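Within every chain, numbering begins at 1; the chains are lettered A, B, ... in the order of the sequence lines, protein sequences first and strands thereafter. Treat the numbers as computed from the prediction; the structure is a model and nothing was measured.
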Amino acid sequence: MGGPAPLVPNRYRDRRCGSLRPADIGQQVRLAGWVAAKRDHGGLLFVDLRDPVGPDADLPLEATSASTGPAGAPGTVAQASPTSPASPTSPASPTSPASAARPLGPLARGDHHACTVQLVSHPSDPAFEVLSRLRLESVVSVTGEVVARPPETVNPKLATGEVEVRLASVEVLSSAGVLPFPVEQESDVGEEARLTYRYLDLRRGPLAQRLAKRARFCQLARNHLASRGFLEVQTPVLTVSSPEGARDYLVPSRLYPGEFYALPQAPQQFKQLLMAGGIERYFQIAPCFRDEASRADRSPGEFYQIDIEMAFAEQEDVFREVELLFGELVSKLSTKVATFPFPRVSYADALARYGTDKPDLRFGLEIAELTQVLGGRTELPMFAEAPERGHAIRALAVPGGNERPRSWFDAFGDAAKQAGATGSWLALPPGDGDGGRGTGDAAGTRGTGDGGGKEGGGGPEPRGPLARKLTGGEVAALLEATGAGPGDAVLTCVGPAAGSLPSIPLGQVRAALGRELGLARPDQLAFCWVVDFPMYERNPDTGAWDFSHNPFSMPQGGLEALESKGPGEILAWQYDVVCNGVELSSGAVRNHLPDVMEKAFAIAGYSRERIERSFPALWNAFHYGAPPHAGIAPGVDRLLMLLEDQPNIREVIAFPLNQMARDLLMGAPAPVSAAQLAELHLQVVRPGPGGDGRPPR
RNA sequence: GGACCUGUGGUGCAGCAUGGAGUGCACGCCGGCCUGUCAAGCCGGAGGCCGCGGGUUCAAAUCCCGUCAGGUCCGCCA
């Protein structure tokens, strides 16, 4: 990775504002930047001049090249100590480890405290009048002399806080109008304004810092993958619409009336064609375009993937490469901790134990399976009849759940019902000190039942709808399986075992508890592989079998499995990499065998002709010798969200569209001229009566 | 396609459940004072279609309906 960019002196500047140190005292310097703050005392004017956001590492090191200070230690800041003020001639004053000594390297970029210097001007200066009239965020080039600040005015918050620049001249390079919002780091600004004036938002720092992180991320990924023998290949942005998947962005063709290009939803087919072309290992930081509704973690319009494909590879080969890549990225870009190799959980297990196919493994709180324990063995019909109805019984402990209001349990019941299951609960009053962990002490005795003996001996009595219906032994089994104890609650959910349906409402509660109770360590990255996805799933509306994921995935067991197993039993060589409850990517061992492909598509109701018609390039390519291959495509934006703890994907993108896929800065999308439409053979049909009366922005 | 939250001087918010004069707060802006501040301070001032349109009411920022804009979620994202 390139070294720090040296500052080449020119007519605007010969130093960066943030680089000035006591070692520079006495030097004449020329600085350029933004007016970040003004403190006008009438007879004395202070101006904070701020550097542009520059490449990551250059601020502290640049001082070495420019300064002549002998023991200057440019990367450290000597703290102003009240007893021994910094002497102008001794830059080697003891460096204090205290808070004032900022580690300039990592924080330099975008932190206003690290890239600002104070200018001082008196009314006698010719520059005074000009400068005092300038508004904040005007851009100036100034000259002056670096002087020591009087000891009592040293500002330990600034990297340059021991010095200031005695102003000699000012050249106004660009004067700023009244700002739409403060360009100051801490102020709270609405996102609409930030998107509309993205360049001002960038100047504020944190966003620019995330872009710097993104740049390093991409550079590290490139270097790492190249060193592992992956060839970076760019694939077309104008391609053909594919019949499967998300809605396409279309580009009308001028030359061919009525025909359209499509922007790729992913370079999926191209990368497989590269495999057929004998490119052994491919990668690309690839733009993907999908015209779908957005979410906080899903950008409308375009997003980026580290697209990877490997020939002569199996699942294990992909896993190894991704773990190496992620290891590189996490260790170089983050202080968070991850465990390698990533644990694996099957799709079926993930659903059963976590109620989701993207489990957050930073905490336990697993969903317990109770079908064998309670099914058919209790008088409660919901549980008793579960096995014969093909239902499963699942349960989840709620730490401290006894404190929760009735409405919270009711809401869970509603959620379960909505999912097609039945939820119920019991709660355990806090123990009275004899430390019972609630594991089956009162086996065999009835629960509170008809309200007879309270305080009967073995710990507090449970309450809630289940408490009245289950025997003490059954309650004990419930507690043992879930690990619940005094003061906790237990949620149960019963429903069709297929697809672990009763786990899903419990999984939603589990995820919510993880957030509410702070169960997850914030500095942990709990990666995992979710493997063994089903190849097909039944369409609930039509009853037909659909591909549950990528139709080009190789079925486990190959042709034989397709012919001998029921579609619902067939697994695919399909995997997800998940971190902290976030799906980062899907991948698969691809199906490169035309006869297997034909059979696989037939189960989903596709004829051979339809495959040929829909995917002619791949279909043909696989008839001329294609290697077995596998790949994956981790999302750049989502990975950065995780590394940077950002709740919203727009925070890691320089110029994002808003939720409604509108670019508030550029004004896209926008109408085009009648001439442009005519050239493209297009006519606009406005929806609804009277069209949409939306004014252009 | 659906649900919910939000919309009040340039910015960020309070006010709204229980209608009674745009009463506010912080920042910014304009003017004045001010030689050691660092988010400078002090004094004064300007700036509002309370998103927009309807309705209820003697009276609407406040209640109701619609609509537009921003956000979050469900559907969707092979």
Name all residues meeting the salt bridge (charged side-chain N to carboxylate O under 4.0 Å, His left out) criterion together with [X]; count only those two or more places apart in sequence or in a different chain, and write none if there are none.
| X | value |
| --- | --- |
| Glu137(A) | Arg50(A), Arg203(A) |
| Arg290(A) | none |
| Arg39(A) | Asp48(A) |
| Asp291(A) | none |

Base, sugar-phosphate or nothing for [X]? Non-hydrogen atoms, less than 4.0 Å.
| X | value |
| --- | --- |
| Gln574(A) | nothing |
| Phe46(A) | base |
| Glu152(A) | nothing |
| Gln118(A) | base |
| Pro551(A) | base |
| Arg194(A) | nothing |

Tell me: [atom1] of [X] to [atom2] of [N], nearest whole Å?
| X | N | atom1 | atom2 | answer |
| --- | --- | --- | --- | --- |
| Lys38(A) | rA40(B) | NZ | P | 11 Å |
| Leu44(A) | rG36(B) | CG | C1' | 6 Å |
| Leu657(A) | rA69(B) | CG | C1' | 16 Å |
| Glu192(A) | rG51(B) | CD | P | 14 Å |

Does the rC77(B) base have a donor-acceptor partner in the side chain of Arg290(A) within less than 3.5 Å?
no
Side chain Glu292(A) and base rG75(B) donor-acceptor under 3.5 Å:
no
Those residues that, when tested against [X], pass side-chain contact (heavy atoms from CB on, under 4.5 Å) (two or more places apart):
| X | answer |
| --- | --- |
| Ser174(A) | Val139(A) |
| Tyr347(A) | Leu351(A), Asp357(A), Val530(A), Phe533(A), Pro534(A) |
| Leu273(A) | Ala617(A), Leu618(A), Ala621(A) |
| Pro551(A) | Phe547(A), Phe601(A) |

Can you check nucleotides 14-17 of chain B for protein contacts, nitrogen or oxygen pairs under 3.5 Å, and list what you find?
none

Pairwise [atom1] distance, [M] and [N] [rounded to whole Å]:
| N | M | atom1 | result |
| --- | --- | --- | --- |
| rG47(B) | rC38(B) | P | 32 Å |
| rC64(B) | rG48(B) | C1' | 25 Å |
| rG71(B) | rC63(B) | P | 24 Å |

Measure all distances between protein nitrogen or oxygen atoms and nitrogen or oxygen atoms of nucleotides 29-33 of chain B, and list the pairs falling under 3.5 Å.
unit_1, atom_1, unit_2, atom_2, d
rC30(B), OP1, Arg135(A), NH1, 3.0

Base, backbone or nothing for each nucleotide of nucleotides 42-47 of chain B, written B, S, -, heavy atoms under 4.0 angstrom, 5' to 3'?
------
At less than 4.0 Å, is any side-chain N or O atom of [X] found next to OP1 or OP2 of [N]? Yes or no.
| X | N | value |
| --- | --- | --- |
| Asn648(A) | rU72(B) | yes |
| Arg638(A) | rC77(B) | no |
| Arg39(A) | rA40(B) | yes |

Under a 3.5 Å cut-off for both contacts, is rA14(B) paired Watson-Crick or G-U wobble with anything, and if yes, with which nucleotide?
rU23(B)
Under-3.5 Å N/O pairs linking protein and nucleotides 1-7 of chain B:
none

Between Arg590(A) and Asn550(A), is there a side-chain heavy-atom distance shorter than 4.5 Å?
yes
